[in-house]
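To start, the structure under review is shown below, and the notes come after it.
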Protein chains: 2
Amino acid sequence: MAAKSRFVLQRLFNGLRTQSLWLQSSKSTSSQGRLLQRAQIRAVSCSHGLCRSASALTGPSSLSFRTHTCGELRSDHVGDKVTLCGWVQYLRQDLFVILRDFTGLTQILIPQEESASGLKSALCDLTVESVIQVTGTVRLRPSGQENKGMPTGEIEVLAENVEIFNICQKLPFEIKDFVKKSESLRMQYRYLDLRSSQMQQNLRLRSQVVMKMRDYLCNVQGFVDVETPTLFKRTPGGAKEFVVPSREPGMFYSLPQSPQQFKQLLMVAGVDRYFQIARCYRDEGSKPDRQPEFTQVDIEMSFVEQAGIMSLVEGLLQHSWPPEKGPIKVPFHTMKYEEAMRDYGVDKPDTRFNMKLIDLSEVFSASDVEFLRSALSKPGGTVQAICVPGGANLFTGKTLDELKQAAKTQFGQELSVVLIRADGTLKSPLKKLLSQSVTDNLLKTTGAKPGDVLLMAAGSLHTVRPLLGHLRLQSAQLLESSGVTLRDPSAFHFLWVVDFPLFLPKEDKPEELESAHHPFTAPLPEDSQLLYTEPHKVRGQHYDLVLNGSEIGGGSIRIHKAAEQHHVLKNILKEDTTLLSHLLEALDSGAPPHGGIALGLDRLISIMVGANSIRDVIAFPKSFRGHDLMSRAPDSLSEEELNAYHISVKWPTKHERCEEDERK
Amino acid sequence: MAAKSRFVLQRLFNGLRTQSLWLQSSKSTSSQGRLLQRAQIRAVSCSHGLCRSASALTGPSSLSFRTHTCGELRSDHVGDKVTLCGWVQYLRQDLFVILRDFTGLTQILIPQEESASGLKSALCDLTVESVIQVTGTVRLRPSGQENKGMPTGEIEVLAENVEIFNICQKLPFEIKDFVKKSESLRMQYRYLDLRSSQMQQNLRLRSQVVMKMRDYLCNVQGFVDVETPTLFKRTPGGAKEFVVPSREPGMFYSLPQSPQQFKQLLMVAGVDRYFQIARCYRDEGSKPDRQPEFTQVDIEMSFVEQAGIMSLVEGLLQHSWPPEKGPIKVPFHTMKYEEAMRDYGVDKPDTRFNMKLIDLSEVFSASDVEFLRSALSKPGGTVQAICVPGGANLFTGKTLDELKQAAKTQFGQELSVVLIRADGTLKSPLKKLLSQSVTDNLLKTTGAKPGDVLLMAAGSLHTVRPLLGHLRLQSAQLLESSGVTLRDPSAFHFLWVVDFPLFLPKEDKPEELESAHHPFTAPLPEDSQLLYTEPHKVRGQHYDLVLNGSEIGGGSIRIHKAAEQHHVLKNILKEDTTLLSHLLEALDSGAPPHGGIALGLDRLISIMVGANSIRDVIAFPKSFRGHDLMSRAPDSLSEEELNAYHISVKWPTKHERCEEDERK
């Protein structure tokens, strides 16, 4: 460090936008060189022995010990004296150290002369993952020794000086992308797992996408980034909210599931356009691929209709989409809720492939097959199928039995399987029950061809659609694992789903209604009078954004009249309105029409990068059970620590523990 | 709304950076007009009755019901048909409605013709703060009726159509900047309080500053925005951390006071440059102007020295500083901790004015005044003073008595007051005890002039300095409240304070040491060997950033060697190292040298805008007692809700309640 120059670069050129500058690796050096020349360089006395280093002004090597990153050097740099910092990826034959940082690898040549024996032994004694600084001169690799697969493969750096910052002790696993680690080992040593190039890329891409989103909202569309509190009051029905004891006996904050109330209050406050990359909390125990804390892009606008929010989100995604993932087309396709349920059996259809639900009620309307007739005779009864192309050849008997079993246990439904033989005849227990004309009609309606399989169910629409929607996705996975290309892994299918019902019957008390989304969603204008007469028929101004079959966002135009909001809460949902009295009062003091949306950032980024789990796009995720395996959180606390919050642990009895275990 | 066009603006021009475009109000319209012409406008069928509105593509009126904001129209717009949305600021003589939004006010002319009687009565019946949409034509105000004090004062809009969105009911206070409201009323109706132009400006300025900070860190300096968890493990000694019960009996998360551990782990993970606008939590009960949740600009870099972080922060503040607040000069002045304590009696000096501490030990070295001699005879004994210019004339006897009383009760110190009369003689009980030569020397050393007052204290350095540091600030306030201009309210004095001691004696057990800042701070390289011999002499690589006498940031170069960190934790601080075993293990697996800083965003912005309290730059702050007065949080929970978390309230006994009240 004594070699560090005692100069300070006094002025940073802050007016200059150098975003793209340092991304162009070979050009950046000369551009930065020019910047440096323009800088006013001034010697300062440095009373405490530490001085500002004469490094680059901007870009990834500014203000740093290094002059370049490990992924940056090319043949243009030959002859330059450079300083690199990084981790020892590996050592080769006492000749080379391969040095790594977040940008890539550089080959360091170990000098072999007797005069450099100290340097040689220092380098040769390094363990992998040790952290060093190397100064040396860039040279071309000898002819024939270039590595075309490595961006810096033309050059190497002849070491002249090394500083060893830290020697790495034995590691629990190697930092190489091809080394498979168990999920729990990765989580326990997350700081090592994050060194993999995939995780580095995921975190950096996430940062860049979020930056562009902010740029669009703030700089292009005039939104205001407002932070809202996370220590808040429990919301009505907020069973999934974490609680936080205060120092007042018996008084608790809650960690909200979203800034819903605040975003609406900001509209009442005249903020006009609000956004926040908001931390949200949801205590759901151990649902797969959910996190107790997660992030949403939270947006609210005044004086806007549903179409305005949809256009805004399309613009937002187009603006922030990583160029290397290909352009996305707007406007996105829009589908009504009823159409999604009818064709895909689900409100978040994966439209990357067909295999839609086919209504066979007409085909079997005159059937005398008992279970079909019985299903169709009931109100809301239906017979439907999906046709899996090639399924007759690709699905084994065992697979089909498993599908039937799943239908039974998860949906309480019988599944009829009809295989189409090569000669066009059916193979099915149903075959002998169907007349030739019904068989012909079945094949015609489903478009089934030899080699296909029909998965067919008869019963209520409410179970048949979700069952077939589920089987459709499962069949797609089965086909793909048999080598069929069904969904392009690089395709991104965005879809708006609209015209949701505003209320649904409660599962446990079907005579009562609950909000399909949340109680603040406004009805479609043409349905608003039905609120007072037939609320179950009201459709909401709600819109979900679906990407490749995953819901990545949802929003609505909100109720902005206090009387309507009060009616919904009190008369339809039978909620205690006193818990929301501040919101009702706010609506009565000059609330503009407003609406918004929240996008699930973790899910969006994970689909963008093709990750299997949102845990691959979160720096320090929790395990399935909500644990931080690295620090071992949550943890026990002393009685004294709990006393400050006037709480004590209520240890479950043995009986309660058993009951809990059973529920899991 | 029926008037809304059924067109969709299909492509948003996302590539265009329009940041500055819509800020130039009169020019923006024509620019946007051109953008609109270039847009591919396409009719779409709109099945659910709601269509995408044909509004601007970008800027504050994009995708909205309005064509312009209320602060935007000028004489250039005369003849244009416009639609404005906003709040009724006031009505005048049944002739005008003054309409307000976040950008300003526009005068709406109410038509007086008989044919427009419906429109007239609709407008005249409005209550203030009702929310409406007005369509009309821009016209010049009649000659002589222009309002030069109003940006839109040249024009008015002749109303042709109105839509009333919401009628405002009676309000608890008026939304006018000159109406003084009590703090608690403002907090209870925060959504109304935020409508004031001052609060609108504060929130918008905060959003813009943060956006520019992100731009600098992310786009200019290559930092990665990484989110870190807030549900974490309790840190050793984390008495101020809120606890969050989990669904596992007896197991708790903690809400961390900062992402300190995560930022260091990210450096170990090779992220190289991390930043986050991080939500932090601190449970301090009811300290004035503290919030239980607050925001810091959290930064960490690898391969960097102290000077690098300091330059980075200077560049960051220069880049993000609002132009209207005037330029700031870098590098900031740097002062050693020892110098700050010596001259200002505090480690965060307000350098906007002089009035430094003056050491009088030499002057009184031969004094036979008993209390002075006694003070000077002890180790670390001193006699010091500040000279308050004009204080003899401006401070009343009562004021001086109050200062003496405060010295006594808050610092346990006697204060000697010496007034300098117009004729240069002293007025003080000390006068008769001092020889002429000592008197002359005193006047010479302090530079005291007729009309000044000397505030003098004798005792230990550890109490005299903080006392005089405190009196210096209090005297400045007293002078200013007497009309003396001491500190320029528009001046911003940044100051780095460096070379802090690494450890301080514990207040309750002075034979033991505690970290002056936190246990991860590295020693100055030249002091590092003292860690093993005389730890109390070690200075740390810590730096505080001070603005106008407030600490707005602090950071350090961290210890990156496991052995050194272990020694500090175990041998010096006597901490249980198992609680930090994951961090120690991380340092042993290839940790680079690294350091960082955290800036207190709420405090920084409040000084920037000249707010009295950080509550004026936070949308929904808590009260002194940590309450949300709007929603009434924290609140009680049912036993059932607590059962899910296996906790119960431990109600304090009457005796405990009394003890607690006394502590407050």
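Every chain is numbered from 1 and lettered A, B, ... according to where its sequence line falls, protein lines coming before strand lines. All heavy atoms count here, side chains included; hydrogens, waters and symmetry mates do not.
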Quiz item: Between A:Tyr281 and chain B, which part of the residue has a heavy atom less than 4.5 Å away: side chain, backbone, both or neither?
Solution: side chain
Quiz prompt | Nearest heavy atoms of A:Phe65 and B:Pro593, plus distance in Å | solution = CE1-CG, 4.0 Å
Self-check item: Any side-chain heavy-atom pair of B:Met630 and A:Leu265 under 4.5 Å
Solution: yes
Quiz item: Can you say whether A:Arg234 sits under 4.5 Å from chain B via the side chain, the backbone, both, or neither, judging by heavy atoms?
Solution: side chain
Quiz item: Any idea how B:Tyr253 and A:Phe242 line up, ring-wise: parallel (<30°), tilted (30 to 60°), or perpendicular (>60°)?
Solution: perpendicular
Practice problem: Just say parallel, tilted or perpendicular for the rings of A:Phe303 and B:Trp87, cut-offs at 30° and 60°. | Solution: perpendicular
Quiz prompt | Part of A:Asp628 lying under 4.5 Å from any heavy atom of chain B | solution = side chain
Quiz item: Do you know which of A:Gln200, A:Arg190, A:Gln188 has the most heavy-atom pairs under 4.5 Å to chain B?
Solution: A:Gln200
Quiz item: Atom CD in B:Gln169, atom OG in A:Ser589: separation rounded to 0.5 Å?
Solution: 9.0 Å
Quiz item: Can you check whether A:Val268 reaches B:Arg195 side chain to side chain, under 4.5 Å on heavy atoms?
Solution: yes
Quiz item: For chain B, which of A:Leu203, A:Val226, A:Val88, A:Thr228 has the most heavy-atom pairs under 4.5 Å?
Solution: A:Thr228
Exercise. Provide the closest heavy-atom pair for B:Trp651 versus A:Pro249 in the form atom of the first, atom of the second, distance.
Key: CZ3-O, 3.5 Å
Quiz item: So which of B:Cys85, B:Ser631, B:Ala562 has the biggest tally of heavy-atom pairs under 4.5 Å with chain A?
Solution: B:Ser631
Self-check item: A:Val243 portion near chain B, given a 4.5 angstrom heavy-atom threshold
Solution: both
Quiz item: Can you check whether B:Phe252 reaches A:Ser636 side chain to side chain, under 4.5 Å on heavy atoms?
Solution: no
Self-check item: Region of A:Ser246 in contact with chain B, defined by heavy-atom distances below 4.5 Å
Solution: side chain
Exercise. Under 4.5 Å, counting heavy-atom pairs only, tell me which of A:Pro229, A:Pro652, A:Cys168 racks up the most with chain B.
Key: A:Pro229
Quiz item: Can you tell me if A:Arg214 and B:Ser207 form a side-chain donor-acceptor pair at under 3.5 Å?
Solution: no
Quiz prompt | Contact check, side chains of B:Leu63 and A:Ile309, non-hydrogen atoms, under 4.5 Å | solution = no
Quiz item: Salt-bridged, A:Lys170 to B:Asp588, with N to O below 4.0 Å?
Solution: no
Quiz item: Do any N or O atoms from the side chain of A:Glu227 and from the backbone of B:Ile618 form a donor-acceptor pair under 3.5 angstrom?
Solution: no
Quiz item: Using a cut-off of under 4.5 Å for heavy-atom pairs, which of B:Arg100, B:Glu129, B:Met211 has the most such pairs with chain A?
Solution: B:Met211
Quiz prompt | Side chain proximity check, B:Gln208 to A:Cys218, heavy atoms < 4.5 angstrom | solution = no
Quiz item: So which of B:Thr69, B:Asp193, B:Leu642, B:Leu255 has the biggest tally of heavy-atom pairs under 4.5 Å with chain A?
Solution: B:Leu642
Quiz item: Any side-chain heavy atom of A:Pro634 sitting closer than 4.5 Å to one from B:Glu248?
Solution: yes
Quiz prompt | Shortest non-hydrogen separation from B:Ala591 to A:Asn166 and the atoms involved | solution = O-ND2, 2.8 Å
Exercise. Measure the OH-CG distance between A:Tyr191 and B:Leu266 for me, rounded to the nearest 0.5 Å.
Key: 13.0 Å
Quiz item: If you count heavy-atom pairs under 4.5 Å between each of B:Leu192, B:Val271, B:Asp101 and chain A, which one has the most?
Solution: B:Val271
Self-check item: Under 4.5 Å from any heavy atom of chain B - which part of A:Leu587
Solution: backbone
Quiz prompt | Shortest non-hydrogen contact from A:Gly270 toward B:Phe102 | solution = O-CB, 3.8 Å
Self-check item: Part of A:Met199 within contact of chain B (heavy atom distance under 4.5 Å)
Solution: neither
Quiz item: Do you see a donor-acceptor pair shorter than 3.5 Å between the side chains of B:Thr230 and A:Glu293?
Solution: yes
Quiz item: Does a donor on one side chain and an acceptor on the other come within less than 3.5 Å for A:Lys650 and B:Asn643?
Solution: yes
Self-check item: Carboxylate-amine/guanidinium contact A:Arg204 B:Asp225, below 4.0 Å
Solution: no
Exercise. Considering non-hydrogen atoms only, spot the tightest contact between A:Ser64 and B:Arg273 and give its length.
Key: CB-NH2, 3.7 Å
Quiz item: Just wondering, do B:Arg632 and A:Lys233 contact through their side chains at under 4.5 Å, heavy atoms?
Solution: yes
Quiz prompt | 4.5 Å side-chain heavy-atom contact, B:Arg66 and A:Asp272 | solution = yes
Exercise. State which residue, out of A:Val649, A:Ile647, A:Asp283, fulfils the side-chain contact (heavy atoms from CB on, under 4.5 Å) condition with B:Tyr645.
Key: A:Asp283
Self-check item: CG on B:Asp635 to OG on A:Ser254, rounded to 0.5 Å
Solution: 9.0 Å
Self-check item: Any side-chain donor near an acceptor of the partner, B:Glu585 and A:Tyr189, under 3.5 Å
Solution: yes
Practice problem: Please report the shortest heavy-atom distance between B:Val244 and A:Val244, naming the atom on each side. | Solution: CG2-CG2, 4.0 Å
Quiz item: When heavy-atom pairs shorter than 4.5 Å are enumerated against chain B, which of A:Pro245, A:Ala619, A:Ser130, A:Pro172 gives the highest number?
Solution: A:Pro245
Exercise. Would you please classify the geometry between the A:Phe165 ring and the B:His560 ring as parallel, tilted or perpendicular, with 30° and 60° separating the classes?
Key: perpendicular
